[in-house]
Amino acid sequence: MLLSIWMSNQTITIGKISINAPAMNAAGPWAATKKQLELIYKSQSAAVVTKSFSLKPNPGNPKPNTYFEKDFSLNSVGLENNGADYFIDAVSNFKKTKPLIASLVGFETNEFKELLSKVNNSNFDLIELNLSCPNVKSEEPLGYSPQAVDDILKITTKLSKKPVSVKLPPYYSRQQINKVGTVLLNHNLNHVVLINTLPIATVVNKGKAAITPNDGIGGLGGRYIKPIGLAHVKIFSEHLKGKLPIVGVGGINTKKDITEYLDLGASAVQIGSAIENQGLKIFTELN
Ligand code: RRO
């Protein structure tokens, strides 16, 4: 039986932030420019989440680096972004009608410190630390190492003046999840976002790889990963026992999808691939 119901104008509290509807955008290429962020701000999205950004602009991977179909998405964007100053400026005039969330990636600790000090003095309300980008060819996403997660969270939670959340990759066992879950509980986190794209997928389109970078290998998103996202919310939720809120993401297109995520332990959800397929009007329907 589906247990969750929500009404418009209800307030959902996620740690130190409040939203007035369950669905916000996920970090992604639909949130990379000033214009896009403004449109998300004006939409019914419950918050504005940026494309993951780094201290300095990053050109990302050669195009085509995204591929969308109705039921799935594939990408190897490669952290393409305009850099911290651009994103900080992009949201500087937004009023506090909804939380402004900075999705951050750091390539090394020092760079990361500088990035956080910039974001500390910005209009952003919360940090979403992305430990799960699948498209850095030489390195496994940090989220796969409980030790690396512990190390980076120690630094981030100490330096950040904003509440910190963390976005993790899909795992392959309950044991892995429980190890990382235990690490999360050792830190002063606002919430955890589950899950990023599934790191290694490929699509053959008209006889060739649908995306150019990394020999056609990229992160899989969309409806295909909903069962994986749901399982992560369920298993993390059992492990975290309500001590850390969860925001679910992966394959959400309908209110029924949202209900499933909320029933398994998520406080709110993020929408990714469905924005690319349906536009921001999806929030009017979902929220
Ligand atoms: O930019 C990307 O290639 C990317 C990132 Br940062 C991420 O977190 N997840 C993803 O699927 N692609």
Side-chain angles (χ1 to χ4, degrees), residues 24-33 36-37 49-69 71-84 86-87 101-108 111-112 115 119 127-145 148-149 152 156 164-171 180 192-203 209-226 228-229 232 247-252 270-277:
M24 67 187 83
N25 73 290
W30 42 80
T33 68
Q36 288 170 326
L37 291 167
V49 185
T50 67
K51 160 83 186 137
S52 296
F53 64 86
S54 44
L55 179 61
K56 297 276 183 297
N58 188 41
N61 288 338
K63 295 188 170 81
N65 56 26
T66 58
Y67 179 80
F68 291 90
E69 281 197 16
D71 289 329
F72 66 88
S73 66
L74 179 74
N75 89 85
S76 183
V77 173
L79 295 167
E80 177 183 347
N81 79 90
N82 290 324
Y86 178 92
F87 282 89
I101 301 178
S103 172
L104 302 188
V105 286
F107 294 107
E108 47 154 297
E111 178 189 329
F112 214 64
L115 180 57
V119 175
I127 284 168
E128 182 180 292
L129 197 59
N130 183 356
L131 301 186
S132 43
C133 175
N135 297 322
V136 182
K137 204 175 176 182
S138 57
E139 278 173 43
E140 192 176 52
L142 281 185
Y144 286 124
S145 159
V149 174
I152 193 84
T156 325
V164 176
S165 64
V166 62
K167 185 168 179 183
L168 296 176
Y171 295 95
V180 176
V192 56
V193 182
L194 305 164
I195 54 175
N196 209 318
T197 52
L198 192 88
I200 48 168
T202 196
V203 173
I211 57 172
T212 303
N214 289 345
D215 304 321
I217 304 289
L220 184 72
R223 289 181 216 257
Y224 280 10
I225 69 162
K226 193 182 91 175
I228 304 170
H232 279 69
V247 171
V249 49
I252 297 171
Q270 294 185 342
I271 313 296
S273 305
I275 295 181
E276 198 67 34
N277 287 332

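None of these values were measured; they are calculated from a predicted model. Atoms within a ligand are numbered from 1 in the order they appear, just like the ligands themselves.
Close approach of ligand 1 to Asn135 is summarised as follows: ligand atoms under 4.0 Å from at least one heavy atom of the residue are 2 (C), 3 (O), 4 (C), 12 (N). Of all atoms in ligand 1, numbered sequentially from 1 with element shown, those under 4.0 Å from a heavy atom of Gly78 are 1 (O), 2 (C), 3 (O).
Between the side chain of Asn25 and the backbone N or O of Val49 there is at least one donor-acceptor pair closer than 3.5 Å.
Taking the six-membered ring where the residue is Trp, the centroids of Tyr86 and Phe53 are separated by 6.0 Å or more.
Of the candidates Gly60, Pro134, Pro213, Pro141, the one placing a heavy atom closest to atom 10 (C) of ligand 1 is Pro134. Closest heavy-atom approach to atom 11 (O) of ligand 1 within the set Leu74, Thr197, Asn61, Asn81: this belongs to Thr197.
Looking at Asn75 against ligand 1, only its side chain comes within 4.0 Å, counting heavy atoms. The residue Ala27 has no part lying near ligand 1, judged by heavy-atom distances below 4.0 Å.
For the pair Ser52 and Ser103, the tightest heavy-atom approach, listed with the atom from each and the gap, is OG-OG, 2.6 Å. The two residues Ser132 and Pro141 come nearest to each other via the heavy atoms CA-CB, 3.8 Å.
Between the side chains of Asn214 and Asn135, not a single donor N or O lies within less than 3.5 Å of an accepting N or O.
A heavy-atom separation below 4.0 Å is found between Lys51 and ligand 1. Using 4.0 Å as the threshold, Asn130 has a heavy atom nearer than that to some atom of ligand 1.
With respect to Glu69 and Arg223, no salt bridge is recorded, no charged nitrogen being found less than 4.0 Å from a carboxylate O.
Between Asn196 and ligand 1, an N or O atom pair is found at a separation short of 3.5 Å. Of the polar atoms of Leu79, at least one N or O is found under 3.5 Å from an N or O of ligand 1, judged by distance alone. The shortest N or O to N or O distance between Val77 and ligand 1 is below 3.5 Å.
Within the model, atoms CG of Leu79 and OG of Ser54 stand 6.5 Å from one another, a figure rounded to the nearest 0.5 Å.
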> When you look at Val77 and Thr66, which way does the side-chain contact (heavy atoms from CB on, under 4.5 Å) test go after all the steps?
Replying inline: CA-CA 7 Å; Val77 173; Thr66 58; 3.6 Å; yes

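Summary of contacts: the protein heavy atom closest to atom 5 (C) of ligand 1 is Cys133 SG, 3.4 Å.
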